[in-house]
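Below: one structure, written as structure tokens.
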Amino acid sequence: MKTIYLFIFMMALSFQSYSQTKSATYDVKKKRLQIKSTAMYLSSVNQGTMDIDSAMVLACTANKLPVSFSYDEGYNEGKPVSGSEMVDQNNISGAVKVLSKIEKADRIKLLLHLGSHYLFKSGEKKEDLKNAFLYINQAVEASNSLGILKWKNQSKLLLAKYYAKAGNLTESKKIFSNVVNENRKSNDRKALAEALHNKGSYLAIDDPDKEKTLAEARLLYKSLKEKELEIEILMKILTIHFWAGDIDLAEKELLEIYKTQKQIGFRHTHYTTAPLTFIYNIKNNPKKALFYAIESVETMEATQDFICADNFYLHLGNIYSAIGHDEEAIALFKKSFNNRARSINSGSWHKSLYLIIKSLCDEKKYKEALTYIKLTDTYPPNNAVDDFFLSFAKASTFKEMGNTKEAEKFFIEMDKKAQKIFSPQTALVVIFGYSRMSLFYAQKGNVTKATFYADKVFDLTKKTNHNPKFMDLELALFKIDSLNGNYDSSITHYQNFAKIKDSLYDISNNKKIEELKVQYQTLKREENIKKLEGQSKLQQSKLDKSKLLINFSVGAILLLFVIIGLFYNHYQLKQKSNRKLELKEKEISLQNKNLQNLLIEKEWLMKEIHHRVKNNLQTVMSLLNSQTEFIEDDLALSTIKSSQHRIHAMSLIHQKLYMSENIASINMPIYINELVEYLRDAFNLNQRIRFVIEIEELELEVTQAIPVGLIINEAVTNSIKYAFPDNQKGLISISLTSTESNRYLLTIQDNGIGMPLKADKINTSFGMSLIEGLSEDLEGDFSIENNNGTVLKLSFEKDILDVHEMIYNEA
């Protein structure tokens, strides 16, 4: 194995002096996807305080693109329209002069550009809507006169958008439906997909046709292989599901988007992984939340896309805070807070402020927390949502400082602001605020108010269909039930609280629950003792009637004291023994926890190693790819390409290990299928050569998976190159099956012209030498023969290696 890596790496170094890094640039479709992803994310994180048009303007400005780039997709065919640059520069009078000199399609395009310019301006001004309607109407008239369906569609679609903006959703839906029906008749799938896309986007969020319309458009785009537009529509569909409270479906759709973005080479995936972070946060899955939060920051920094940097740093800091890494959390919150000057204020500044203050209070740094609160005098809230967060931050700070009077004042202020901002977009933060408020009153012992705000939480979760599990709410309900004497219910709520907390802090022994159970059992015993005392008094009154019975009672009492003394002595000895056992149990628990932490750290380290190896191999591939530009000799060029394929076969394994929960073995069906797809694309085979792949559902250790992958790479490459001369069609079959216990048979066969089996010809092939060497590494039985083509067989025994056990033993 080491020999193979060294050989390929040395080949790459030999061409290093000629290498040159090339930064891939996006085409128009991906640029539009980038702008729309940014805008949709901006609008979402601002929780209703920033409309989508304002977000589009910010996204275009930050990426140094004209604002028209966000709305001219339907009529901009890549050729500049006379006067359009003037509109982009806000020179409307100049554009109007040009308008009088042009005709037909160019005139319609400029009218659409003017109408869109006014319609999609940030903010909502009546004068802008009036101007938009003027130019859109002219475009409708001009397109009707010209009689071309495309321009009729574009004009009507823009008119429908106007009515949606003007608040006349009925007329808007009517016009959209008309355009959809006309395109169904024309059997133009692309135009129909565009019409459905526009209609679905502008229908109200609660309109039952919205999801159905967008889903139909998505299927059409999928059949047209319009991946970027398919991603855009799925983003809109998952928004419907998220605000409807279907978090699991939204998670599934985000993962699908993430996978497709990677497939098409779209690098700005942080606008997808950040919402995944948020979802895993509210699902109390800190491991996945941390993974995607780190991924968001890494892709953001790799693409130098700092538009929403404050928000991504905030997400990562929030995870660190939740799992107890307070110093790292505060550093990230401050980075988010200070990033406002670098970015375009994506709406996270006051959220960062709240989290900085909370973390400082957790660390008992109250003076520094108050310093941050005073900064709001210089940077006051920009909107009602930020105003809510500021009151929340002040209330939480004074609560942690023990100043309950000031804390209650700001909690009441927060409640008033929450009522003004409540919407589907702000539901979760408002629910969280009321959960914290309920806990505040519960800790004060005010059961009435604590119950009032807990009931508010339940009412809002029913209205929004959101049901988050907040620790503050479970702790508040535990205290409310305890104060009311509902001990069974209080135990349940404390168990829920502990379960959430355990998922963050990996607490394996919850002593509080045991204490609560003991307290409950003690109270039960006290009730029984009271009953016994009453019975004892009744009996004593009867004994008083008889002197004989009194003497007997005195003797019985003396005997009882002796027994109690014995029991007390036994109790003291047992308590001493229990204390020793508890100390020993704590020591064992601490050792187990340390070992578990060490195991987790080593697993993450191994994943990071695979990640680095994969990155290094891809760097080598890039170096080889750059070198090909300077090589004219066909043999040298072919050698480099072959090396790239070998590197990819190894890189793919390290990528799988990095992305998989299992860091020790590779799922061979998935790996081999992806390797074959890569070779099919690399040789531009289309349908000339078909592949039949039959791989059993099995996993191999990395020490065997890499040689097997390289053997498949070499054999398939040889078949593609030599088995089917003159572009003949053919078939290549690959199978990997178990022949007996822990033994596997790899068979690679083609129906080509076969190959010479003379020893001297085989030995002169580097590929065949490599296959034989790899077979020896596997200690396998290798054979090759001609049988209606070339048949290569390799039988080898599976290595069994328990990596987790190795890590544990090392720890």
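All values reported here derive from a predicted model rather than from experimental measurement.
- Side chains of Thr272 and Ile231 form no contact here, defined as non-hydrogen atoms less than 4.5 Å apart.
- Between the CD1 atom in Ile240 and the NZ atom in Lys236 there is a gap of 10.0 Å [rounded to 0.5 Å].
- Atom CD1 of Ile319 is separated from atom CG of Asn281 by 3.5 Å, given to the nearest 0.5 angstrom.
- Among all heavy-atom pairs drawn from Tyr41 and Cys308, the shortest one is CD2-SG, 3.9 Å.
- Inter-residue side-chain proximity for Met437 and Lys456 is flagged as unmet; no heavy-atom pair is nearer than 4.5 Å.
- Annotation: the span from Leu42 atom CG to Leu58 atom CG amounts to 6.5 Å, rounded to 0.5 Å.
- For Gln304 (side chain) and Glu301 (main-chain N/O), a donor-acceptor pair under 3.5 Å exists by modelled atom type.
- Inspection of the Glu230 and Thr260 side chains reveals no N or O donor paired with an N or O acceptor under 3.5 Å.
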| task | Using the side-chain contact (heavy atoms from CB on, under 4.5 Å) rule, take Glu251 and Lys283 through it: C-alpha gap first, then chi angles, then the decisive distance, then the call. | result | CA-CA 10 Å; Glu251 174 198 351; Lys283 290 181 78 171; 2.6 Å; yes
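- Ser438 places no side-chain N or O within 3.5 Å of a backbone atom of Tyr434 that could act as its donor or acceptor partner.
- Between Val708 and Met668 the shortest side-chain heavy-atom distance falls below 4.5 Å.
- Residues Ile666 and Leu700 are not in side-chain contact: their nearest non-hydrogen atoms beyond the backbone lie 4.5 Å or more apart.
- Of the possible donor and acceptor atoms, one in the side chain of Thr461 sits under 3.5 Å from a partner among the backbone N and O of Phe458.
- Under the 30°/60° scheme for interplanar angles, the aromatic rings of His268 and Phe266 are found to be tilted.
- Aromatic rings of Tyr280 and Tyr292 (six-membered ring for Trp) have centroids within the 6.0 Å cut-off, being under it.
- If you run ring-ring contact (aromatic ring centres under 6.0 Å, His included) between Phe432 and each of Phe392, Tyr453, Phe389, only Phe392 comes through.
- In this structure, the separation between CG on Leu473 and CZ on Phe478 is 14.0 Å, given to the nearest 0.5 Å.
- Checked for salt-bridge contact, Lys222 and Glu256 miss the test: no charged N lies under 4.0 Å from a carboxylate O.
- Shortest non-hydrogen contact noted between Ile257 and Met235 is CD1-CG, 3.6 Å.
- Closest of all the heavy-atom pairs between Glu696 and Pro669 is O-CG, 3.2 Å.
- Taking both residues in full, the closest heavy atoms of Leu214 and Ile233 are given as O-CG2, 3.3 Å, listed atom of the first, atom of the second, then distance.
- A heavy-atom distance below 4.5 Å is not found between the side chains of Lys288 and Ile279.
- To the nearest 0.5 Å, atoms CD (Glu328) and CG (Leu316) are separated by 9.5 Å.
- Without hydrogens or angle criteria, Ser738 side chain to Tyr744 main chain gives no donor-acceptor distance under 3.5 Å.
- Closest approach of Leu254 to Pro275, counting heavy atoms only: CD1-CB, 3.8 Å.
- We find the CD1-CD1 distance between Ile35 and Ile307 to be 6.5 Å, quoted to the nearest 0.5 Å.
- Glu253 places none of its side-chain heavy atoms less than 4.5 Å from the side chain of Phe242.
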| task | Assess whether side-chain contact (heavy atoms from CB on, under 4.5 Å) is satisfied between His241 and Asp248, documenting all intermediate values. | result | CA-CA 9 Å; His241 295 151; Asp248 291 335; over 6 Å; no
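- Under 3.5 Å, the side chains of Glu228 and Tyr26 contain no donor-acceptor pair of N or O atoms.
- Residues Thr277 and Ser296 approach most closely at OG1-OG, 4.3 Å, considering heavy atoms.
- Proximity of the aromatic rings of Tyr494 and Phe497 is defined here by a centroid distance below 6.0 angstrom, and this criterion is met.
- Proximity of Thr299 to Arg267: side-chain heavy atoms (C-beta onward) are nowhere separated by under 4.5 Å.
- The aromatic rings of Phe312 and His270 stand perpendicular to each other, their planes meeting at an angle above 60°, with 30° marking the opposite boundary.
- Between Asn667 and Glu697, some side-chain heavy-atom pair lies under the 4.5 Å cut-off.
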| said: One pair to check against side-chain contact (heavy atoms from CB on, under 4.5 Å): Lys259 and Leu255. What are the steps and the verdict? | reply: CA-CA 6 Å; Lys259 180 181 177 183; Leu255 289 169; over 6 Å; no
